[in-house]
S.K.: 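Take a look at the following structure, please.
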Amino acid sequence: MSSESRNDAAVQIDGVSKSFAGTVALEPIWLKIRRGEFLTLLGPSGCGKTTLLNLIAGFLEADEGELFIDRELVTQVPPHQREIGIVFQNYALFPHMTVAQNVAYGLRTRRVSKAETAQRVAEALALVKLQDFADRRPKQLSGGQQQRVALARALVIRPRVLLLDEPFSALDRNLRTAMQVELREIQTRLGLTTVFVTHDQNEALSMSDRIAVMSRGRVRQIGAPADIYDRPRNLFVSTFVGDANLFDATLQGAEGSALDLSVGGARLSLTSYQDDLPQPGPVTLFVRPEQCRLTDTNEPGAVPATVALSVYQGSYAELHLDCAAAQGGRVMLRVPAAEALPAGAAVGIALPQTGPAIYAADEANKEVA
Amino acid sequence: MSSESRNDAAVQIDGVSKSFAGTVALEPIWLKIRRGEFLTLLGPSGCGKTTLLNLIAGFLEADEGELFIDRELVTQVPPHQREIGIVFQNYALFPHMTVAQNVAYGLRTRRVSKAETAQRVAEALALVKLQDFADRRPKQLSGGQQQRVALARALVIRPRVLLLDEPFSALDRNLRTAMQVELREIQTRLGLTTVFVTHDQNEALSMSDRIAVMSRGRVRQIGAPADIYDRPRNLFVSTFVGDANLFDATLQGAEGSALDLSVGGARLSLTSYQDDLPQPGPVTLFVRPEQCRLTDTNEPGAVPATVALSVYQGSYAELHLDCAAAQGGRVMLRVPAAEALPAGAAVGIALPQTGPAIYAADEANKEVA
Amino acid sequence: MTKRPFLGWFASPSILIAFGIAASFLAIVQYSFRANIPGALDPGGFTLENFTTLWKAVYGEAFLNTVLLCLWTALFTLLIGYPLAYAMVRARSARLRSAILLISLTPLFLGEIVRTYSWMIVLGNRGFLNAALMQMGLIDRPIPFMFTMTGVVIALVHFTLPIVVVMLAAALSHIDRNLERAATSLGAGRVRAFLTVTLPLSIPGIVAASSTAFAWTFSAFATPQMIGGGQVQTISTLVYQVGFASFNFPLAASLSLTGLLFTVAVLAIFNTGIRRLERIGGH
Amino acid sequence: MRKSLLDHLLDWTGRILLTAILGFVLLPFFVVAIASFNDGAILSFPPREWSLRWYANAFQYRDFGAGLVNSLKIAAFGATIALIAGAGFAYVLNRYDFRLKGVLNGILMSPLIIPNFTIGLGLLILSAAASLPRNLWLVVATHVIIVLPFVVRSVYVSLQNFERRYEQAAESLGGSPWHVLRTVTLPLLVPGLASGGLFAAILSFNEFTASLFVVNQSTQTLPVAMYNYVREYADPTLAAVSVLYVLAVAVILLVVHKFFRLEKVLNVE
Amino acid sequence: ETLVVSSWGGSFRDLIDETIAAKFTEETGVEVEFITGGTIDRLNQANLSKDNPESDVTFTTSHIGWLYRNQGLFEELDMSRIPNAENLVDQARISPSHIGAWAYVYTIGFLPNMLPEGVTFDSWEDLWSPELAGMIALPDFDPSHIIAAAATLEGVGVENWRDATDKLLALRPNIRALYTNDANSQQLLSTGETPVQVILSMNAYHIQSQGLDVELAIPAEGAVLGVDTMGITAGSDKIDLAYQFLNAALDPEVQAQIAEIKKGSPVVSNVELPEELAALPGIFTTPEEWAEQTLVIPDEFRAETIGEWRQWFSENMTAN
Ligand SMILES: Nc1ncnc2c1ncn2[C@@H]1O[C@H](COP(=O)(O)OP(=O)(O)OP(=O)(O)O)[C@@H](O)[C@H]1O
Ligand SMILES: Nc1ncnc2c1ncn2[C@@H]1O[C@H](COP(=O)(O)OP(=O)(O)OP(=O)(O)O)[C@@H](O)[C@H]1O
Ligand SMILES: [Mg+2]
Ligand SMILES: [Mg+2]
């Protein structure tokens, strides 16, 4: 378990795939997880996140492909020899053991001496701020505390990789935010390679070094959160992560990344971040709400719309606009609560000059989340 | 079920209370729900929302107090004679009936003629856009479609009040937003008196005419969403609804609503919306994140802080600041993603001149959500 | 508000039945304190003699036999039933799971007679087992199974196995699989994970299953009667014999009553055991 | 997965153990099947000659036919009565609190721990003391008492898992309690009721010990007739009956499994 | 219309069905139905259903017949309504309420090829041979045979059986099983479980006919005589038919059939039997045979004491 070079992959997944009784849960996947990296698997329910995690942990056997942990080929290594830490959504604490016994479990299997065990358990509990709960049983703890014990139990064995399967989804919002921050702090401090599973895009965006967005057993895009949010590579990613306004547009022509589009009668010139642009013709134009600006109806280049509904959200309001050029007929913008407009007001939507992406209207993966 | 005067209470709750085996689920509650109003009961889990709803529906009997629906005393009326519509979180569609049969159920119990039943069922299904699903069984529908059927089933009997108990909490984010908009549109169109239960503050803020914020069996504040968000009347409401930054401050003096405060060494003059101000002395100052502004450390009146963590959220970033004057040592601000600062940067927090509230530091209800 | 619709309607049939049960129980209690008049079904006056009679060696031995039978049966049923239940719950293929379930369950629905009769054919001196062993040359004269405790235990284990498997499987299936996974991820091999996690968590199930095995064995009649052949006397066979061969219903009643009190006591002990276990950990 | 020697060992001992145990469960039925085709009146293994005469005999022996008819009648009546009473009681148990509920429950569940021979003896004494005729209804009553707890349990579990919201929804839609019971509660409880009733019928059909005490010649059930046959004849006719019995039960279980999934019925998922 | 007969099950029912009932049906056109069970079981059942009798004619052993009579379960017989009873031997005139239907002995039966070397059965004493440890089966429903044999061996007479209890206890090591009925006895022999039994002669012959090599010995002290009897159930509403049934049973041809089929001894003196049949142990055709080969336990005494014997037996001989 040398860690000389900081750049080689802590986990390397080479064409691993998995089917259950004929249905494909995971298409062949290639993925490198860097040492110390916090990688999130994000995707809708049933997309194969847990399956991939179970393959890394060794609870499932891959149909094909190879898996390396710290450069060691582990495809055939049983789970208890993989030296990984796991935290489950439902905590999976041993109900018949105290908190301390739970945390000590992984040390006992490793025949660590009594004294060292006691010390390391105490350290781990201190790490998750549960020193005073060592003798309680899991049932006597709150959800958040249980989740912390599970974390301590996984960390105390100094795993090569930490795997977490929707660890916070059973917690309420406030506790959840607190635990997210806490986990990320501990992870950074220990420099722990971490694979985190969630279907919550905010959680993914806020915690990760990199996000792998999955759908239907495939990784659809992998990259830093800002990459994923600002430069989604396909329609699925753009709609699954963050809010998206989609317009029916026609691509008139492109010169490099400069595009010439018509949207709902308005003529636009945009530059896109995309490398692979679709052919001229009907396309789908994707714009984030915060990239759109509300203007007068008659501003040139503005797409005409009417306020359908203004939804108060406390710190801001969501304006839902009826817009003929938009897919589904609706566009959403956020404005400060004070600037909300009444329903029925006619407005123009100014689209950004840079940033948006276009996808072929008949894109094979026209799969909106 | 006359509706002559548009201003009398559709539902009136007069000192209704409820205990279960000694534990108080609901303290005596007084509440008037206006005709056509969309009232939300918002509060953390276990605060008594469902209990109150069940009392209105007649599934529970009040220990004391009286309940009127349309001015009629219904305290002793069994649920099936109350003419209310209910939608539950888990839909509770009859699994052994088709969609049409589900919707027709309430008409059959009323011995509505075959022809009229068919017509009204068709109308109700059209209302929720499920005309084409009449002959399916609930199991063959998606969660959102099931929720729509539940709504149609409750609406078809033209209830005097519509009750909804966390109807959308099992749906995923996108569907949830869509359903919220749809429900609100239908409710407005039909002018339906509605009591909506949720523990999701965004949902409450965005949908309601008025919100009743509950905790521990009591209504802590009732008012329009903006009222609740901008002018919370106690610490519980301010922290439960929206994000709150709380500072330890000392109230030096007050003149009318103009306050003289010192916060972490800085001296501030503010005006508050509050009527009942605490005595001079130690107080808790409450400020929404969007009311705070980031400035230089040395700007006069700015509270000094250091960036602890910057959390990317796509359309914006959350800056978590270490701040000695803040309760819990942390303050949170939102900034455009591009303006996020690196951890360790020293900053000043400029507090607003108007808007914030202060609460006595020893406030009896020092109960942070 | 109609507070309790149907209460009267729904409860009355069962109240009637409860009266029947209570009455027959009272009949037993009453008979057990009445004197036996030989040859007459109507009992005589009040007496405690029936209970003093129970101090005789036969009855004591029957009690002892019954208890031994219960203990051995429970022990072996657990030893055999646990692996079966485990395999059933953990089997990867749904087919195998169903097969195990059906095979271990079918005997439950066959009743005592078919199963006991089948075992008589297996266990007799010229039965299948001895014939097979002799054919293989492992023994040269038959091993007596019939009319022995061993034979009765074998058949009783078969008798209680299905219910024990069902109860253990229910207990095992409610143990979260992630617990075992957590243990393996922490470095425990399969054996260790089983011994330190699965087994301890299934103890309440084990206790519940053994108490059921106990109650079933205690109440078994055809098996000790047919396989024990009068050589293995249990409470049940004695009750029948005393009642229908000696026609001494008061004595049979007092024997039943004593047996019942005994069962209740044992099951009460089991129950407190379960409750304590569940308080300590369990689910 | 690359397995250690220990793992292989575990796998193989596991497989062998499983096979052995399943073999133990099935052994008597294989043996009885072989025995049923044995031509001689005296058993021998392996049989010297084969024949179907014992099957013929089983069909001709009058007591089996009469016993089968009795058992079917008793099981049908017993299960129906137990189902009605048991479902009602389970409902009451699940929904209401009233005085003596615990006592009533205790009495009705007591047959689970009272040995069947005691129940049989008690009812025999009771019927004699009350000069009740020892007819089919006495046997039915005995069986109702014995199977009732199983019905109550099965229906009670269904009721516990029953989503009260269905009833509340129906009530809010204007359904009176009876209407709701008829149109919502009962239809949704059908699986629980069916499996409870089926279980009761099977148990009743198989009940032997208590029946032995309360039957007479004309109300003799099939298991009692079979028991008496073993007492009176030494030939393998009963082996033939047993084989038919096993086949019938296996077929019924397979069908039940197909429709209800036994794992679910028995709560072992 | 049917006549209900209470009898033992199994081959005895078949016997009655094929002989007496066949004759009866031939004569009257009335069908016969059976209710079956063990001797004591049926006594108890009869007691339980005293007010509403289940049968019209009851077959039982001579001594248990006394219990029926004493408990008022039998009608008093009017012998004039049974013409065939004229030739009834004295030993078969049991009481005013029940008369013999056939006779037999309980004696020692054994499988010669499984007998230990050198064991023979010239006397009841041979049952006590230590070589027979764990090989013997006795009937559990009636211990009177072995008690009578022990009392005779001890020279005390069966009335003083208490003086022979030590002798009885000494037999315990040799006892392997107590059989509960004839089928059980057959099984024990056919499976070789117990190669030596105190067995009903008729049953032994039945087992022989099934192809098993069983031999009967008549010990010097004599074999224990048994008479199976019949009576009319008290309260029967078919008294006339019942008398006709009893009469059919004593018909010489029927009696010969019984001897032929089941090797039961005729109880009327006017029966002609083939020689080899007449020579069988347990079949008596002459007054001398009736007198010499039998060990007789007085019926009434036996009936009174059987309960005590059974209790003593189950409390002292069975538990081991
Ligand atoms: N043991 C199994 N047998 C059969 N199919 C399975 C099994 N486990 C998973 N699947 C299927 O594989 C696919 C991927 O499942 P997986 O559990 O990995 O999804 P997931 O992304 O974790 O979803 P979720 O967010 O709901 O947990 C799903 O279609 C699922 O039904
Ligand atoms: N039937 C009951 N018996 C006993 N206590 C009950 C019962 N129903 C509710 N309670 C208690 O009453 C309190 C209020 O419960 P209620 O269900 O109204 O909360 P809620 O606000 O709806 O919570 P949630 O958001 O979790 O649904 C809780 O403390 C709860 O435990
Ligand atoms: Mg998952
Ligand atoms: Mg609730």
S.K.: How long is the span from the CD atom in D:Gln220 to the OG1 atom in E:Thr36, to the nearest 0.5 Å?
M.R.: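 Answer rounded to 0.5 Å: 6.5 Å.
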S.K.: Report which part of D:Asp235 has an atom under 4.5 Å of a heavy atom belonging to chain E: side chain, backbone, both, or neither.
M.R.: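 Neither part; nothing is under 4.5 Å.
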S.K.: Ignoring hydrogens, what is the shortest heavy-atom contact between D:Tyr233 and E:Gln187? Give both atom names and the distance.
M.R.: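 In this case the closest contact between D:Tyr233 and E:Gln187 is O-NE2, 4.2 Å.
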S.K.: Can you say whether E:Asn203 sits under 4.5 Å from chain D via the side chain, the backbone, both, or neither, judging by heavy atoms?
M.R.: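 Neither part, no heavy atoms under 4.5 Å.
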S.K.: Verify the neighbour count for atom CD of E:Gln208: are there more than 12 heavy atoms of other residues, nucleotides or ligands below 6.0 Å?
M.R.: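 More than 12 heavy atoms, drawn from other residues, nucleotides or ligands, come within 6.0 Å of this atom.
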S.K.: Counting neighbours of CZ on D:Arg153 that are heavy atoms of other residues, nucleotides or ligands and sit closer than 6.0 Å, is the number greater than 12?
M.R.: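 No, not enclosed.
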S.K.: Using non-hydrogen atoms and a 4.5 Å limit, figure out which bit of E:Ser11 sits close to chain D: side chain, backbone, both or neither.
M.R.: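 Backbone only.
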S.K.: Does a sphere of radius 6.0 Å around CZ in D:Phe64 hold more than 12 heavy atoms from other residues, nucleotides or ligands, not counting ones at 6.0 Å or beyond?
M.R.: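 More than 12 within 6.0 Å, yes.
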